[in-house]
Amino acid sequence: MTPMNWFPSSGFDLSRIADETFATGVEYHRVLGSTNDRAIELVPSEKLETPFVVLADHQSAGRGRGANAWWSAPGSLTFSVIVDTASHQIPAERLSLVSLAAGLAVSEALTDALPGSALRLKWPNDVFLNGRKASGLLVEVPSTKTERIVIGIGINVNNSLVDASEELQNRATSLVDVSGTPHDRTDVMIRVLQRLEASLALLADDGPRLLDNWRAYCLLTGRSVLLRVGTKESLGLCRGIDERGAILLETPTGLRRYSSGVVLRFD
Ligand code: BTN
């Protein structure tokens with residue numbers, strides 16, 4: 001079966017997701033604007049037990065970082081997890097590392113699904129598969145209940161990019177394009193949620209080890225990186241991430257750390 005001719009059915013096994021992961025519940029939508037928007041809407045509910053998952057087969061207004069949209073074609077996996085950081089005992093000073101922990105969980109889950117493939121994390125939390133982006137994460141802290149965090153995850157699973165523009169094919173990939181066979185999205189999602197539970201536990205118990213695990217996947221270390229922070233751009237050799245998850249760039253004016261920014265280019 002070639003990826004090009006394969007069209008996935010939309011069947012998720014919701015009971016398996018609830019039984020085999022830490023999710024206390026799953027809300028499924030065939031079509032939804034954005035799973036993050038829906039999760040943010042649910043956050044204030046006192047009745048909501050967490051971790052809670054919002055899953056959509058198709059997003060009509062998926063959001064990426066900044067002003068970007070998230071392309072979600074049939075066969076992709078798009079969901080958001082509402083996590084209560086207090087019940088996971090994540091210390092306040094490590095809350096900024098939740099997004100790195102989530103990116104690590106996705107990289108580990110995709111490594112499980114595609115043994116032998118090169119999974120890397122492009123700071124802060126894009127997941128690259130064989131040199132192209134396969135997954136993006138959008139972590140948001142709703143203002144209504146700040147101990148609840150929304151972790152939005154988009155993974156190109158069975159949405160082949162063979163018919164996409166050459167420009168997009170050079171930047172992005174999917175699991176089916178790499179393995180040549182379709183993947184069960186329920187299985188992928190279960191692996192991600194299991195890895196997420198483990199990486200949040202590690203973040204609570206041992207932040208330095210979590211960061212070391214993240215560093216093992218770092219795509220940018222040792223490469224020349226052009227970073228945009230607000231309206232400024234900074235070019236430097238990436239020296240990895242520090243103990244607070246900030247990227248370190250060796251620039252002509254010295255070693256600089258940036259806790260946020262957009263990587264515009266890396267060589
Ligand atoms: C990025 O790479 O810019 C982040 C993309 C995040 C996409 C996911 S898909 C599920 C969740 N809902 C959204 O609207 N966005 C995130």
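One-based numbering, in listed order, for ligands and for the atoms of each. Keep in mind the model is a prediction, meaning the values are calculated, not measured.
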Quiz item: Can you list the atoms of ligand 1 that are under 4.0 Å from a heavy atom of G154?
Solution: 8 (C), 9 (S)
Quiz item: How many angstroms lie between CG in D13 and CD1 in I190, if you round to the nearest 0.5 Å?
Solution: 7.0 Å
Quiz item: Could D212 and R209 be called an ion pair, given the rule that one side-chain N must be under 4.0 Å from one carboxylate O?
Solution: no
Quiz item: Are the side chain of E197 and the backbone of T21 linked by a donor-acceptor contact shorter than 3.5 Å?
Solution: no
Quiz item: Looking at F79, which atoms of ligand 1 are within less than 4.0 Å of one of its heavy atoms?
Solution: 10 (C)
Practice problem: Under 4.0 Å from a heavy atom of D126: give me the atoms of ligand 1 that qualify, with their elements. | Solution: 2 (O)
Quiz prompt | Ionic contact status for R185 with D57, cut-off 4.0 Å | solution = yes
Practice problem: Just let me know how N36 lines up against ligand 1, side chain, backbone, both or neither, with a heavy-atom cut-off below 4.0 Å. | Solution: both
Quiz prompt | Short N or O distance, T35 and ligand 1, threshold 3.5 Å exclusive | solution = yes
Practice problem: Output yes when the distance from some N or O of ligand 1 to some N or O of W70 is under 3.5 Å, and no in every other case. | Solution: no
Practice problem: Identify, for atom 16 (C) of ligand 1, the protein heavy atom at the shortest distance, and state residue, atom and that distance. | Solution: R63 O, 3.7 Å
Exercise. Please examine the side chains of C238 and L249, heavy atoms only from C-beta on, and report whether any two atoms are closer than 4.5 Å.
Key: yes
Quiz item: So, D177 and R132, do they make that salt bridge, N to O below 4.0 Å?
Solution: no
Quiz item: Which of the numbered atoms in ligand 1 are below 4.0 angstrom from a heavy atom of G62?
Solution: 14 (O)
Self-check item: Top protein contact for atom 2 (O) of ligand 1, by heavy-atom distance
Solution: K133 NZ, 2.5 Å
Quiz item: Just wondering, more than 12 heavy atoms not from R257 lying within 6.0 Å of its CZ?
Solution: yes
Quiz item: What atoms of ligand 1 come closer than 4.0 angstrom to any heavy atom of G64?
Solution: 1 (C), 3 (O), 4 (C), 5 (C)
Quiz prompt | ligand 1 versus L137: contacting region, heavy-atom distance under 4.0 Å | solution = backbone
Exercise. Please confirm whether the backbone N or O of E49 pairs with a side-chain atom of T24, one donor and one acceptor, at under 3.5 Å?
Key: yes
Exercise. If you have a sec, work out which protein heavy atom is nearest atom 3 (O) of ligand 1 and how many Å separate them, to one decimal?
Key: R65 N, 2.7 Å
Quiz item: Backbone N or O of V43 within a donor-acceptor pair of the R148 side chain at under 3.5 Å?
Solution: yes
Exercise. Provide, to 0.1 Å, the distance between atom 9 (S) of ligand 1 and the closest protein heavy atom, together with that atom's residue and name.
Key: Q59 NE2, 3.5 Å
